Structure formats: C-alpha cells, structure tokens
Amino acid sequence: MFELQPLVRKNIWKLEPYSCARDEFKGVSASAYLDANENPFNNNINRYPDPLQEKVKEMLSPIKGVPVSNIFLGNGSDEAIDLVYRIFCQPGVDNVVAIEPTYGMYKVCADINDVFYRKVVLDDDFQITAEKLLEACDKRTKVIWLCSPNNPTGNDINREEMVKLLVKFQGIVVVDEAYSEFSNQKPLRLDLSQYPNLIVLNTMSKAWAGAAIRLGMAFASTDIIGLFNKVKYPYNVNKLSQEKALELLRNQSGYRQHLVMVLEEREKLMSAFNSLPICEKIYPTAANFFLVRVTDANAIYRYLVEQGIIVRNRSRVTLCENCLRITIGTKAENSALLSALIKYKP
Ligand SMILES: *Cc1c(COP(=O)(O)O)cnc(C)c1O
C-alpha cells in the first residue's frame, strides 16, 4: 500500500496555507467586490486572477485526458519541479535519483533546495533499467526523476521499465513529458489513476507554442495536487497568461498543423543530415529536436554562430561527446542550417 504522508516534509503536511480573498469567495457572482483591496476601476487586470485557473484546467482536461482535479498549473514546469523539492525533500537530509544526461533544471532545483542529487547514467542506447535506478535509492530517496522523451537525447524512455519503477519504488516518480506530443509512445499521464506515486509534467512551452506565457502542468493524484496548491504562491499564474492559454488551446487546428509541419521537417532535416560530411551519428528522436554526433562539435558550433545560426552545443554533457542538439525550426531556418553546414570547411 502506498502511503503519501511519510514522504511529505512535516512542516508542509501541517502547513496552514494562505487564504486569499478569492479562495473564501467562490462561484457566486456579487454586485460589489470590496474584499481584496483592489482598484475598483475596470481595465481587465485590476482584479486578482483565479488562483486555481479553473477555466484553463477545464479546457485542458479533455485535451490531456486528465480530470480537472488531477491538474496543477504553474509558472512554467520550473515551478512544478521546484515545488516537488519543497514538498517532499528535507534540505540537507533527503536525496533524489535522476537519469543522466537529462534536463538541467532537476539538478539546479536540487542544489537550490540543498537536496542530494544522485545521477544514474543511461546505457549506450540512452535507456534505463528499473533495477539500476532502484539500486541507487536508499531510505532517504524521496523522488526519482525521469524525462520521456528525454532532453537532450530525444528518445522515449522504455515504458515498461518506467512502469516497473512506479510499482516497485515507494517514493515519488516524476515523469517529465514536455515533449510527449511529438512522440508515438503512450503518455504515462493517461494511466495516472493506476499510480498514486506518479507525477507527470507537461508544458505549454513546446508543442503548444506558448513558451513566453510560462505555463507548466503537473498531473497527479488529488492528494498530491492538494499539496501543490497549498505550497504554491496564491496567484501563481497571472491573468494574461491564463487568457492566452485559453486562446492557444482553442486553436486546435493551428496546433495540429504546426505539429505535423514540425514532424515532417524533422524527418527531412534528419535525412539531409545523414549525407553531410560532418555527421557521424544521428540519434533516434521522439521530440522536436534531435541529437547528432559530429566531427568537431565546438568548431561547428562556433562556425554556425558566426553564420547567425544558434544550435545547442551538448559536447560537455555525459554520453554526448561531440554532440549538437538541433531544434526543428521553420522550413527556412532548417534550410539555412543545411546550406551553412554544406559550406562548412574543417
Ligand atoms: C523545455 C522543457 C520543459 C519546459 O519548461 P517550462 O518551464 O514549462 O518552459 C520542461 N521539461 C523539459 C525536459 C524541457 O526540455
């Protein structure tokens, strides 16, 4: 039987959250709002925003296949990542286990929160085994961090191994599915009800074309969502972002069109890379980027910068020696990249 309480920091479990004016008063529409010391003159932003972003969640729920009560929204995924540490990890005492290489924010937030961060290096195919990750855990391991499709490697993490971890590990398993829209693997968020220790992260920043509005999501049990809501800043997602999110989510045909274009461009760009002299290995991807091992990553990176083309140099990252990470751009951007690389002289 999974028990949540022993995993949660005692001060957080006991925490009496800030009660904002809009929490106490919900649903009923009044003729005068004299409770929150706001400016009464309407300019669309004079009132505090909905602290629980109900409209956005209602719109997201059918799109994501997750009930409203299992959704947390934050100021980017970054907020959800930080909250996981603040809710579950006692600074200076607890540790987390994460795959390596992966997204850098899990480690930065561990360091900020003074939580020990244990790395388990992926195998040569950038895959995990549940066994190896469990071996790295001890009594003080509160969280395992997974990312699928993984950044910067681009591949799906083996779903059966993730499920094994969810079943065997008694702590929290976070699976960051920031890129799941680009993948054919069934997202774990659709199996949320089976795993009380699962937290899935999603974001508006990638497939949904909303990086600037800073809107991240966490999907989890209602108990875990309750903890997120208790610890977050009261009005953590501003009104302009909530409105813009609704606008993006309403435009599903635009979203699909762009998704299809990115996936088509991904195939074209990768096969064009195959015949470039600088290309040594293209790693399989299920995201809107791919990792490529080249002849000389540092030199090629600098050359591209001179041409006004910025890619991500990942050559100092574990298992990514001489690798560049290339985001799929527009047709024009991708062909600019290709023609620059065709002209490249070592
Ligand atoms: C880009 C990315 C995110 C998005 O973070 P936001 O704070 O929501 O913009 C989350 N996780 C991974 C692995 C990413 O690559």
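Counting starts at 1 for both ligands and their atoms, following the listed order. Please read all numbers here as calculations on a predicted model, not as lab measurements. Atoms considered below: every heavy atom in the structure, side chains included; atoms not considered: hydrogens, waters and symmetry mates.
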Neighbour list for ligand 1 [protein residues, heavy atom under 4.0 Å]: G76, S77, D78, Y103, Y106, C147, N151, D176, A178, Y179, T203, S205, K206, R214
From CA spacing to verdict: ring-ring contact (aromatic ring centres under 6.0 Å, His included), Y179, F289: CA-CA 10 Å; Y179 299 98; F289 61 84; 5.0 Å; yes
Of all pairs that satisfy ring-ring contact (aromatic ring centres under 6.0 Å, His included), the ones with a partner from residues 211-234, not counting sequence neighbours: F72-F228
Please tabulate, for the side chains in residues 267-282, all donor-acceptor contacts under 3.5 angstrom to protein atoms that are two or more places apart in sequence or on a different chain.
residue, atom, partner, partner atom, Å
K268, NZ, E265, OE2, 3.2
S271, OG, E267, O, 3.3
S271, OG, K268, O, 3.2
S275, OG, A272, O, 3.1

Heavy-atom side-chain proximity of F290 to I328 below 4.5 angstrom: yes
Residue of the set Y117, Y106, W145 for which ring-ring contact (aromatic ring centres under 6.0 Å, His included) holds with Y85: W145
Residues 249-264 side chain polar contacts: donor-acceptor under 3.5 Å, at least two apart:
residue, atom, partner, partner atom, Å
N251, OD1, G254, N, 2.9
Q252, OE1, R256, NH2, 3.3

